[in-house]
Structures are given as structure tokens and as C-alpha cells.
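Residue numbers start from 1 in every chain, and the chains themselves are labelled A, B, ... in the order their sequence lines are given, proteins ahead of strands. Keep in mind that what you see is a predicted model, and the values were worked out from it rather than measured. We use all heavy atoms of the structure for the numbers below, so side chains are in, but hydrogens, waters and symmetry mates are not.
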Amino acid sequence: MPELPEVETIVRALRVGGRGGPSILKKQVQSAELTWPRTLAEPDGGQFLARLPGQQVMDINRRGKFIVIRLDRDTLLIHLRMSGNLRVEPGGMLQPHDRLTVNFSDGWRLVFNDARKFGRAWLVADAQQVLAGLGPEPFDPALTAGVFHRRLQERRRQIKPLLLDQSFLAGMGNIYTDEALHLAKIHPLQNSADLTLERADRLLGALRVVLQQGINTNGASIDWVYRGGEFQNNFRAYGRAGQACPECGTTIARIVVGQRGTHYCPQCQGL
DNA sequence: CATCAACCCTGAGAGC
DNA sequence: TGCTCTCAGGGTTGAT
């Protein structure tokens with residue numbers, strides 16, 4: 001399930017080439033195909049197919065888990081959700097679960113594949129209308145320990161669901177949240193408002209460490225969709241229920257928090 | 001505001 | 001081998 005590091009890996013490949021395809025920067029859209037209309041959040045299919053042709057790819061960025069492709073008139077935003085993936089390829093047969101295809105004038109195409117149909121795309125004049133509700137980027141220098149601590153105080157929630165809340169912090173998913181909480185030695189049910197400045201500082205540092213490790217290893221290959229990353233070999237807690245904690249040897253536990261499978265060390269991450 | 005559950009989906013893995 | 005069942009999870013929505 002693509003989280004910040006996986007999305008960042010995909011964005012970098014779109015920008016500079018990689019994962020089997022060239023950069024799509026400067027390419028001009030010739031046409032588009034929509035094989036599963038509900039993939040499109042907005043506008044409707046007719047407008048989408050009419051507005052896209054002729055636009056050129058100016059810039060490719062990431063905001064939270066959104067892929068932000070700035071064109072010369074509109075911005076194409078893509079959220080991969082659970083099972084989405086993007087390919088850049090030189091034509092050929094479409095694959096099962098391909099939902100949206102952008103054909104470029106030089107013959108290459110960008111394909112949005114999404115087995116579970118949870119992913120969404122937007123074509124809007126102003127990207128802010130889609131991204132407005134997102135919290136800060138974890139790597140934003142303006143997000144100091146003091147600011148982070150204050151934001152934790154302002155809410156009074158279990159820390160894990162809060163970290164997964166994209167309006168609180170943009171980009172965290174289930175894997176990296178479990179990893180960061182384990183690294184920071186904080187229990188997933190810990191109340192956010194009760195965290196001291198020192199522990200908030202440690203948590204922010206841990207978030208950045210695990211996200212950076214994820215980016216450095218091209219993300220995690222944890223299911224049959226996203227391939228190519230290596231971070232799954234470094235998991236400390238996620239998916240390791242019943243195995244030994246790498247810090248103390250205690251058996252990693254699994255509980256459900258906010259409808260999410262949650263992995264933690266009962267010894268290291270006491271409440 | 002916080003919490004919880006349902007919903008959207010399909011493929012994988014377990015159990016039989 | 002092949003069937004059925006359960007589980008996985010990001011985000012939205014509605015109820016408590």
C-alpha cells in the first residue's frame with residue numbers, strides 16, 4: 001500500500017525516469033482513455049477527455065500521498081490508495097485493472113492501474129482545491145519539535161490514528177506509523193495530549209528516520225502490487241507479530257487500533 | 001471533538 | 001485440486 005516513501009519513489013521515476021520508463025517531463029498529451037470511469041473524482045469523463053489533449057507536463061511533485069502532475073493549464077492529481085500503481089510504457093496491450101491511460105504525442109503513455117478500484121484521479125485548474133485539507137509534510141523544516149508538540153496537545157487522540165489522519169500530518173500510512181512508534185518507543189494507544197516535548201521530539205525524529213529509510217530503499221514491497229522496494233527487509237514491528245523485537249527480544253504483539261492492524265513491542269512501547 | 005463501523009474493492013492465503 | 005471464507009487497508013461518511 002503506497003505511503004509517502006512509495007509515492008516519492010514513483011514521483012521521482014516520473015520526473016527523472018526509472019522503473020522501466022523515461023521521464024514524462026515536457027511530454028505533450030495527445031489523448032486519454034478512461035476504462036473505469038469511477039476512477040475519476042472530477043471532472044466528469046467527457047470534460048476530462050476533452051481538456052487533457054494538448055497539455056504539456058510541466059512539473060511532477062508529491063504532496064502527502066498525492067501525485068501532483070502540473071500541466072500547462074490544469075493539474076492532474078492521482079491518489080493510489082491501497083492498490084494503485086503507475087506505469088510509463090511505449091504502448092502495447094493494456095493490462096488487467098488498467099483504469100486510466102494518458103497517451104503522449106511521442107508514443108509513450110502513462111497508465112494508472114488499480115486492482116481494488118480505490119484509487120482516484122482529479123483534473124483541476126487549482127490543485128489547492130484537492131490538497132487544501134492536508135496537514136504539514138513530515139520533512140517540512142517549519143515543523144519543529146515545538147510546533148509538532150503543540151499540534152499533539154491541540155488534539156486529544158490515540159497517537160496512532162492521529163498520525164494516520166492526513167489533516168494532522170500528510171503522508172503517513174499503516175506501515176511507517178508502526179515503524180516510527182516502535183523506533184520512538186511510544187505505545188500506539190498513547191494519548192497525544194499527554195506526550196512530553198521530549199517524547200514528541202523523539203517521535204518526530206523517528207518519523208523522519210523511517211520515512212527517509214523507506215525513500216532510500218525505494219519503498220517497501222509488501223503486496224503483489226508495488227514492487228522494487230527493499231524497505232520490507234528492515235521492518236522492526238510491522239507484520240512481525242509473534243516474532244522477536246529487534247531491541248529487546250520480546251514477542252511483537254498485534255492489536256487493532258482504529259480498524260488498523262497494529263504491531264508493537266509490549267516491552268519497549270509501554271503505556 | 002473523539003470514536004466506531006460501514007463502505008468501497010479484489011487478490012491472496014488459510015482451511016477444508 | 002478446487003472451493004469457500006476471511007483478511008488486508010486509505011479515506012469518506014454517518015452514527016454515537
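When heavy atoms are screened at a 4.0 angstrom cut-off, A:Arg157 is found touching the sugar-phosphate backbone but no base atom. As judged by a 4.0 angstrom heavy-atom cut-off over every strand, A:Gln166 is placed among residues touching the sugar-phosphate backbone only. Contacts of A:Gly261 with the nucleic acid, taken as non-hydrogen atoms under 4.0 Å apart, involve only primed sugar atoms and P, OP1 or OP2. Across all strands shown, A:Arg120 has no heavy atoms under 4.0 Å from either base or sugar-phosphate atoms.
The pair A:Arg150-A:Glu154 fails the salt-bridge criterion, with no side-chain N (NZ, NE, NH1 or NH2) lying under 4.0 Å from an Asp/Glu carboxylate O. Remark: A:Glu6 does not engage A:Lys65 in a salt bridge, criterion side-chain N to carboxylate O under 4.0 Å. Salt-bridge formation is detected for the pair A:Lys27/A:Asp106: a Lys NZ or Arg NE/NH1/NH2 atom is positioned less than 4.0 Å from an Asp or Glu carboxylate oxygen. Ion pairing between a basic and an acidic side chain is recognised when a charged N comes within 4.0 Å of a carboxylate O; A:Arg236 and A:Asp178 show no such pairing.
The base of C:dG11 sits with one of its N or O atoms less than 3.5 Å from a complementary donor or acceptor on the side chain of A:Arg260.
Between A:Gln259 and A:Glu154, the residue anchored nearer the 5' end of DNA chain B, judged by the nucleotide with its closest heavy atom, is A:Glu154. With DNA chain B read from its 5' end, the first of the two nearest nucleotides for A:Arg38 and A:Arg156 is the one closest to A:Arg156.
Note on the helix from B:dA2-C:dT16 to B:dC16-C:dG2: terminal axis deviation equals 50°, with five pairs used at each end and the result rounded to 10°.
OP1 and OP2 of B:dC1 both lie 4.0 Å or more from every side-chain N or O belonging to A:Arg155. OP1 or OP2 of B:dT10 sits under 4.0 Å from a side-chain N or O of A:Lys117. Close to B:dC9, at under 4.0 Å from its OP1 or OP2, lies no side-chain N or O of A:His97. Between A:His79 and the phosphate of C:dG11, there is a side-chain N or O to OP1/OP2 separation shorter than 4.0 Å.
In this entry the distance linking CZ of A:Arg151 with C1' of B:dC1 reads 15 Å, nearest Å. In this entry the distance linking CG of A:Leu164 with P of B:dC4 reads 14 Å, nearest Å. Distance CG (A:Asp114) to P (C:dG10): 13 Å, rounded to an integer number of Å. At whole-Å resolution of the value, CG in A:Leu189 and C1' in B:dA2 are 14 Å apart. Computed from coordinates, the A:Leu80 CG to C:dG9 P distance equals 17 Å when rounded to whole Å. Separating the CZ atom of A:Phe66 from the C1' atom of C:dT12 is a distance of 12 Å, rounded to the nearest angstrom. Taking atom OH on A:Tyr238 and atom P on C:dG10, their separation rounds to 8 Å, with Å as the unit. Distance A:Glu3 CD to C:dG11 P: 9 Å, rounded to the nearest Å.
Ring to ring, A:His182 and A:Tyr264 are not that close: their centroids are 6.0 angstrom or more apart.
Between A:Leu100 atom CG and A:Ile78 atom CD1 the span is 6.5 Å, to the nearest 0.5 Å.
In this structure, A:Phe118 forms no aromatic stack with the base of C:dG11, since the conditions of centre separation below 5.5 Å and plane angle below 30° are not both met.
Checked against salt bridge (charged side-chain N to carboxylate O under 4.0 Å, His left out), A:Arg151 has no partners two or more places apart in sequence or in another chain.
Distance from the side chain of A:Gln158 is smallest to B:dT3 among B:dG11, C:dG10, B:dT3. Of the listed nucleotides (B:dA5, B:dA2, C:dG10), C:dG10 has the atom at the smallest distance from the side chain of A:Asn174. For A:Lys65, taking side-chain heavy atoms from C-beta onward, the closest of the listed nucleotides B:dT3, C:dG9, C:dG11 is C:dG11.
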Quiz prompt | Worked check of ring pair (Phe, Tyr, Trp, His ring centres under 6.0 Å) between A:Tyr176 and A:Phe231 | solution = CA-CA 10 Å; A:Tyr176 293 90; A:Phe231 188 65; 5.0 Å; yes
